[in-house]
Colleague: 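Mind looking over this structure? Questions follow.
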Amino acid sequence: MSKILKTKLQELNISINDRQEEQFEQFYDLLIEWNKVMNLTGITEYEEVVEKHFVDSLSLVKAIEIDKIHSVIDIGTGAGFPGIPLKIAFPHLNITLLDSLNKRIRFLDTVIDRTGLKDIRTIHGRAEDYAKQKEYREMYDLCVSRAVANLSTLSEYCIPYIRIGGIFISYKSGDVESEKEDSRNAASLLGGRIKDTVKFQLPGTDIGRSFVIIEKERQTAKRYPRKAGLPSKEPLK
């Protein structure tokens with residue numbers, strides 16, 4: 001099994017040692033085990049999980065120099081993507097995983113415990129609430145999100161967490177041009193600027209992916225994010 005993982009990661013110029021390989025295997029086993037009693041993923045075949053979850057999460061290396069990043073927050077992490085694969089592959093990262101569903105947090109805590117990962121924490125709650133807290137606001141080099149939401153909404157969730165000079169990267173499917181244009185003003189209102197889009201295909205597949213890269217140029221106004229629920233109901237125009 002692990003040969004598939006190593007081969008796919010080589011296509012991203014990522015090499016992992018035996019311990020990291022073991023951590024990926026443990027993560028996969030727990031994902032499948034917990035998925036029987038709660039809905040974590042519709043993808044369960046090993047090769048598909050490697051491709052569509054592990055490799056997809058780690059494709060971030062196409063968009064950023066990961067060795068220059070230290071603190072990362074993963075908003076709406078779900079079953080731990082991209083945060084846990086990033087932590088396993090790049091142990092130097094200090095990672096916070098945020099999700100609004102407590103049972104998913106229990107799953108993530110189990111994964112962290114069983115894999116022995118350090119400098120990774122979970123928080124249960126809504127992005128809008130934690131972004132108001134001093135401990136989290138404008139404290140991260142990088143915010144990532146694979147959550148399914150439009151880019152204006154995600155910008156309001158994510159930009160408040162990154163420091164000035166930091167970056168928010170949204171994982172998107174192939175075609176993002178109109179969504180990107182629609183969110184340009186929202187990013188600006190929040191202190192960010194859409195800097196680039198990196199488009200690629202997942203290694204060995206015909207699946208098109210895009211990373212939208214938003215750089216933070218100035219502090220986010222105190223009024224953002226708006227109260228819980230508003231960013232998704234009424235995205236900033």
Side-chain angles (χ1 to χ4, degrees), residues 11-14 55-77 81-83 85-87 89-90 92-98 127-128 130-131 136-203 207-226 231-232 234-237:
E11 293 176 46
L12 293 171
N13 292 322
I14 296 171
V55 174
D56 187 44
S57 293
L58 295 172
S59 296
L60 189 71
V61 296
K62 292 178 174 288
I64 199 165
E65 289 180 70
I66 206 90
D67 55 340
K68 293 187 175 169
I69 300 294
H70 297 288
S71 54
V72 182
I73 186 164
D74 177 5
I75 299 291
T77 186
F81 303 112
L86 286 170
K87 178 65 199 178
F90 305 107
H92 76 279
L93 295 173
N94 193 314
I95 293 189
T96 302
L97 307 172
L98 181 144
E128 302 98 317
Y130 277 96
Y136 301 100
R137 190 176 182 88
E138 302 194 321
M139 294 302 282
Y140 294 89
D141 299 332
L142 173 67
C143 179
V144 287
S145 186
R146 256 177 118 225
V148 182
N150 78 61
L151 196 53
S152 293
T153 300
L154 283 175
S155 293
E156 190 167 358
Y157 289 157
C158 294
I159 293 174
Y161 286 95
I162 48 178
R163 60 174 177 75
I164 294 169
I167 288 170
F168 159 45
I169 295 182
S170 175
Y171 285 65
K172 289 285 182 184
S173 55
D175 186 28
V176 288
E177 288 314 307
S178 63
E179 192 180 340
K180 196 172 84 174
E181 285 313 307
D182 289 347
S183 63
R184 209 172 275 283
N185 192 49
S188 180
L189 277 175
L190 295 155
R193 176 179 66 89
I194 296 178
K195 185 184 172 191
D196 202 3
T197 308
V198 176
K199 296 188 174 188
F200 62 99
Q201 284 188 320
L202 276 184
I207 301 167
R209 301 294 274 146
S210 296
F211 287 122
V212 181
I213 303 168
I214 297 177
E215 189 168 24
K216 183 141 174 183
E217 298 185 316
R218 56 191 192 283
Q219 269 190 317
T220 302
K222 280 199 169 63
R223 64 181 176 276
Y224 300 118
R226 291 165 295 162
S232 58
E234 300 169 23
L236 291 170
K237 292 285 183 283

Colleague: Anything under 30° is parallel, anything over 60° is perpendicular, the rest tilted; go ahead and classify Y136 against Y140.
Modeller: parallel
Colleague: How far apart are the closest heavy atoms of C158 and S145, and which atoms are they?
Modeller: SG-CB, 4.1 Å
Colleague: Take atom CD in Q201; do more than 12 heavy atoms of anything else shown fall under 6.0 Å from it?
Modeller: yes
Colleague: If every non-hydrogen atom of P160 is compared with every non-hydrogen atom of S155, which pair is closest and at what distance?
Modeller: CD-O, 3.7 Å
Colleague: Do E156 and R226 meet the salt-bridge criterion of a basic N to acidic O distance under 4.0 Å?
Modeller: yes
Colleague: Give the C-alpha distance, both sets of side-chain angles, the deciding distance and a yes or no for side-chain contact (heavy atoms from CB on, under 4.5 Å) between I162 and I167.
Modeller: CA-CA 7 Å; I162 48 178; I167 288 170; 5.5 Å; no
Colleague: If every non-hydrogen atom of A63 is compared with every non-hydrogen atom of I213, which pair is closest and at what distance?
Modeller: O-CD1, 3.7 Å
Colleague: Which heavy-atom pair separates F200 from S210 by the least distance, and what is that distance?
Modeller: CE2-N, 4.5 Å
Colleague: Under a 3.5 Å cutoff, is there a donor and acceptor pairing between the side chains of Y161 and T96?
Modeller: no
Colleague: Hey, does L142 have a side-chain heavy atom less than 4.5 Å from the side chain of L60?
Modeller: yes
Colleague: Minimum heavy-atom separation for L154 and K172, please, with both atom names.
Modeller: CD1-NZ, 4.0 Å
Colleague: Is there a side chain to side chain donor-acceptor pair (under 3.5 Å) between K237 and S152? Walk through the geometry before answering.
Modeller: CA-CA 8 Å; K237 292 285 183 283; S152 293; over 6 Å; no
